[in-house]
Amino acid sequence: MKGTVLYEVRDGVALLTVDNPPVNPLSDGVRAGLYEGLAKAEADSSVVGVVLTGNGRAFIAGADISEFGGSGEGHGLAEVFKKLEYCSKPVVAAINGLALGGGLETALCCNYRIASNQAFVGLPEVNLGLLPGAGGTQRLPRLVGPAEALKIMLSGAHVPAKKALSLGIVDSLSDNVVEDSITFIKEKAANSESHPLVRDLNDKVIEARGNENILVEAQAMTAKSRKGQFAPGQIIKCVEAAINLDDFDEGLKKETDYFIECLVHPQREAMIHIFFGERAASKVSDVPKDTPIMDIKKAGIIGSGTMGGGIAMCFANAGIPVHIIDQDADNLKRGISVIEKNYEFMVNRGRITTEQKDFVFGLVTSSLDYNDVHDCDIVIEAVYENLELKTKIFKSLDEAVKPGAILASNTSGLDIDSIANSTSRPELVVGTHFFSPANIMKLLEVVRGDQTSNEALATVMSVSKKLKKAAVVSLNAPGFIGNRMFFGYTAQANMLLLEGALPHQVDQAMESFGLNMGPFRTMDLIGLDLGWRARKLGGMASPLHAKIGDELCEQDRFGQKNQKGYYNYSEGSRAPNPAPENESIYERISSENGFTRREISDEEIVDRCMLALINEGADILSEGVAQRAADIDVVYINGYGFPIWRGGPMHHANAMGLDVVLEKLAKYKDLTGSDVFAASSLLIELAEKGGKLTDAPSKDDRRERLSFEKSSVANNF
Ligand SMILES: NC(=O)c1ccc[n+]([C@@H]2O[C@H](COP(=O)([O-])OP(=O)(O)OC[C@H]3O[C@@H](n4cnc5c(N)ncnc54)[C@H](O)[C@@H]3O)[C@@H](O)[C@H]2O)c1
């Protein structure tokens with residue numbers, strides 16, 4: 001059995017301490033320990049009350065996710081909670097740290113709750129496609145009112161102790177939570193006959209009866225922020241039951257029914273896959289655990305543009321001083337003022353206080369001289385995407401920055417090895433590919449060059465945690481992981497346009513599938529002119545998939561930046577309006593390239609765009625560019641607006657079944673004659689064994705780094 005509960009009697013009070021490192025989940029051993037500890041306290045006539053707390057930094061951080069789908073032996077949670085709620089002696093939860101999910105639900109079964117000032121409480125089950133299924137949906141609305149309870153459960157947010165006190169989730173705060181709880185429960189035992197139970201506090205739910213607004217507002221809140229997710233609706237139904245049912249236990253039964261529907265729903269598996277995927281992604285399989293990690297006390301940024309400013313904010317937000325260099329005084333001034341405005345916006349929105357803004361903004365310094373980053377432990381270059389310029393800058397940085405410091409590039413796709421070779425410390429050169437806006441987007445692709453040392457890699461992975469990023473390692477290959485897949489996906493969308501679909505049809509189909517933004521809206525946002533200009537400069541002809549986009553650029557349609565691309569945009573708005581004037585262009589280019597435009601179904605659109613992602617992802621995996629299938633999913637969900645509830649493109653392929661994926665690939669290869677649908681050898685190999693992409697063998701040759709030139713996609717970029 002996993003975990004235990006320590007039992008001792010102090011001063012006539014039974015102290016039950018959950019001990020299941022690192023965060024005290026409610027594993028089978030903990031449930032048994034709680035049940036037995038409570039029974040022992042009840043049986044001991046010298047004990048007047050019970051204090052329940054956790055060992056280490058957590059009270060109880062939730063259920064044991066690894067037990068999901070298991071046999072559920074031993075004491076069930078409902079049985080333990082019943083014992084706790086009906087304990088014959090008063091119980092106080094001494095919330096010493098994190099009380100999340102089942103942890104907060106445990107505390108809600110206690111008569112009283114005292115929290116440490118550093119504690120956080122919350123019911124984040126929605127992030128795993130679940131709902132708080134151990135009474136949380138029935139008890140929290142009784143304590144804080146249905147509207148607040150819905151906000152907490154639908155956001156999944158961690159509520160800091162002070163706020164928990166103001167909402168009434170906890171009764172008081174303490175700096176010495178266990179000792180104070182012992183004193184408190186002794187007094188209560190001596191002076192009170194009866195002790196409150198959250199299940200009996202009906203005033204707030206009765207008050208909400210007949211007030212439809214509460215539920216309607218909750219639905220509106222999730223329609224956008226949790227688009228397509230199943231669990232939020234189930235949570236709202238639970239709270240509706242809490243409001244309308246007189247009998248608390250009837251509400252609990254409803255909660256159990258709705259919980260089971262979430263548990264067996266495919267979204268739950270997809271979201272838990274990402275939960276574990278993000279944790280696994282931070283581990284690099286061939287970098288030993290005990291690899292020394294350098295201390296990053298100060299960061300430098302070269303380039304104060306869109307990315308440089310956002311990256312600087314990430315460091316400042318993590319409390320790490322950061323110095324920004326630009327070559328252009330006006331650009332630097334503008335860059336720093338954008339950072340300040342972003343912080344002011346956060347203050348105005350109530351996300352940070354003025355003092356916090358002053359502190360973080362105070363960590364950002366700037367100048368025009370490279371020598372001013374000499375004392376930084378890491379310097380990240382974020383200048384224009386030009387290999388010659390970047391290699392020149394790395395040469396200068398190599399001379400200016402102290403020996404032993406890491407030099408990183410934010411390049412979206414240039415060869416990290418070429419950049420590294422321009423320095424005398426290639427082992428300390430790495431790619432750190434942040435996504436825009438860098439202070440908001442969670443994804444960080446960490447590009448491992450041919451000579452990048454384990455220390456440099458481990459250090460960047462470790463600092464990315466401090467920056468609160470989902471970091472994924474990619475080998476140095478064109479487009480790394482994300483942009484390589486995105487390239488194939490948008491190329492496929494463009495082929496559909498050539499064959500007869502229209503941008504809004506493709507976008508609607510992909511958005512109904514769950515994407516935040518369809519491919520044509522995304523291309524308009526990025527700018528259609530980037531590839532067109534690069535091709536013009538290089539004297540290259542447009543590839544087939546880019547023929548329409550390039551023609552739009554010839555007609556001065558660059559996307560959102562000049563308010564016309566695949567769509568039209570009004571001044572200051574990002575909302576796409578139809579552009580009927582483009583249709584004659586589509587028809588002409590289709591016909592010039594031998595296509596007879598045809599009706600294309602939404603099913604074909606989704607299939608072809610998804611297959612382009614899946615097939616490329618499988619190649620990325622088999623080449624060892626990504627370490628594991630889940631890494632690819634983490635990239636796509638955190639960087640490209642892929643719906644988390646579908647678990648990422650690789651998980652989606654597994655859920656469809658690889659045999660079905662192969663059938664569809666064959667069908668579209670027949671239909672289009674395109675090699676894009678020639679099945680990846682890894683897919684064939686795994687499908688033959690009835691396997692999944694998550695079973696992809698760990699290839700020994702993965703450490704044989706793929707050279708940029710040799711990569712199968714090098715010529716496409
Ligand atoms: N913008 C994005 O969405 C995005 C996303 C991911 C990665 N990237 C990559 O990030 C990098 C920066 O992109 P950006 O959009 O922030 O560019 P940007 O044009 O907004 O800013 C570049 C800045 O670099 C400065 N600069 C140019 N040469 C310099 C030099 N020699 N020394 C110091 N400063 C110099 C410029 O004055 C400018 O302020 C590029 O490699 C790009 O491919 C961009």
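Ligands are counted one by one from 1 in listed order, and the atoms in each one are counted from 1 as well. Here the structure is a predicted model, which means the values were calculated and not measured.
Geometrically, ligand 1 and Asp326 share a nitrogen or oxygen pair separated by less than 3.5 Å. Between Met307 and ligand 1, a contact under 3.5 Å exists for at least one N or O pair. For ligand 1, the polar-atom distance check finds an N/O of Asn331 within less than 3.5 Å of one of the ligand's N/O atoms.
A donor atom on one side chain and an acceptor atom on the other are found under 3.5 Å apart for Thr694 and Asn654. Between the side chains of Tyr566 and Asn494, at least one donor N or O lies within less than 3.5 Å of an accepting N or O. A donor and an acceptor atom, one from each side chain of Asp619 and Ser680, are located under 3.5 Å apart. Donor-acceptor pairing under 3.5 Å is recorded for the side chains of Asn638 and Glu278. Under the 3.5 Å distance criterion, with hydrogens and angles disregarded, no donor-acceptor pair is assigned to the side chains of Asn582 and Gln555. Between the side chains of Glu385 and Thr411, a donor-acceptor pair is found at a separation under 3.5 Å. Side-chain contact of Asn516 with Arg521: a donor-acceptor pair under 3.5 Å is absent, judged by distance alone.
Judged by the shortest distance from any of its heavy atoms, His433 lies inside the 4.0 Å radius around the atoms of ligand 1. Residue contacts with ligand 1 include Ala382, since one of its heavy atoms falls under 4.0 Å from the ligand. Using a 4.0 Å cutoff on heavy atoms, Lys390 counts as a contact of ligand 1. Using a non-hydrogen distance threshold of 4.0 Å, Phe435 does not register as a contact of ligand 1.
The presence of a protein heavy atom under 4.0 Å from atom 28 (N) of ligand 1 is confirmed.
Per-residue contacts place Ile393 under 4.0 angstrom from the following atoms of ligand 1 (heavy atoms of the residue considered): 30 (C), 31 (N). Near Ser436, meaning under 4.0 Å from one of its heavy atoms, ligand 1 places the atoms 2 (C), 3 (O). In the vicinity of Tyr384, heavy-atom distances shorter than 4.0 Å reach the ligand 1 atoms 19 (O), 22 (C), 27 (C), 36 (C), 37 (O), 38 (C). Interface atoms of ligand 1 facing Phe434, defined by a heavy-atom separation under 4.0 Å, are 6 (C), 7 (C). Residue contact check: Tyr370 has heavy atoms under 4.0 Å from atoms 30 (C), 31 (N), 32 (N), 33 (C) of ligand 1.
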Only distances under 3.5 Å count here; give the side-chain donor-acceptor pairs of residues 460-473 to other protein atoms, sequence neighbours excluded, each with its distance to 0.1 Å.
unit_1, atom_1, unit_2, atom_2, d
Ser464, OG, Met461, O, 2.6
Lys469, NZ, Ala438, O, 2.7
Lys469, NZ, Met441, O, 2.6

Using distance only, find each side-chain donor-acceptor pair of residues 291-298 under 3.5 Å and give its atom names and separation, not counting sequence neighbours.
unit_1, atom_1, unit_2, atom_2, d
Thr291, OG1, Pro288, O, 2.5
Lys298, NZ, Asp375, OD1, 3.2
Lys298, NZ, Asp375, OD2, 3.3

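Within the set Asp330, Thr411, Val383, the minimum heavy-atom distance to atom 40 (C) of ligand 1 is found for Val383. Distances from atom 7 (C) of ligand 1 to the heavy atoms of Gly305, Ser412, Ser409, Gly413 show the closest one on Ser412.
Classified by interplanar angle (parallel below 30°, tilted 30° to 60°, perpendicular above 60°), the ring pair Tyr640/Tyr636 is parallel.
Contact check on Asp524 versus Lys564 returns no salt bridge, with no Lys/Arg side-chain nitrogen under 4.0 Å from an Asp/Glu carboxylate oxygen.
What sits closest to atom 10 (O) of ligand 1 on the protein, heavy atoms only, is Asn410 ND2, 2.9 Å. Closest protein heavy atom to atom 34 (N) of ligand 1: Gln327 N, 3.3 Å.
Heavy atoms of Ile302 found under 4.0 angstrom from ligand 1 belong exclusively to the side chain. Contacts with ligand 1 closer than 4.0 Å are made by no heavy atom of Ile526, backbone or side chain.
Side chains of Ile632 and His651 form no contact here, defined as non-hydrogen atoms less than 4.5 Å apart.
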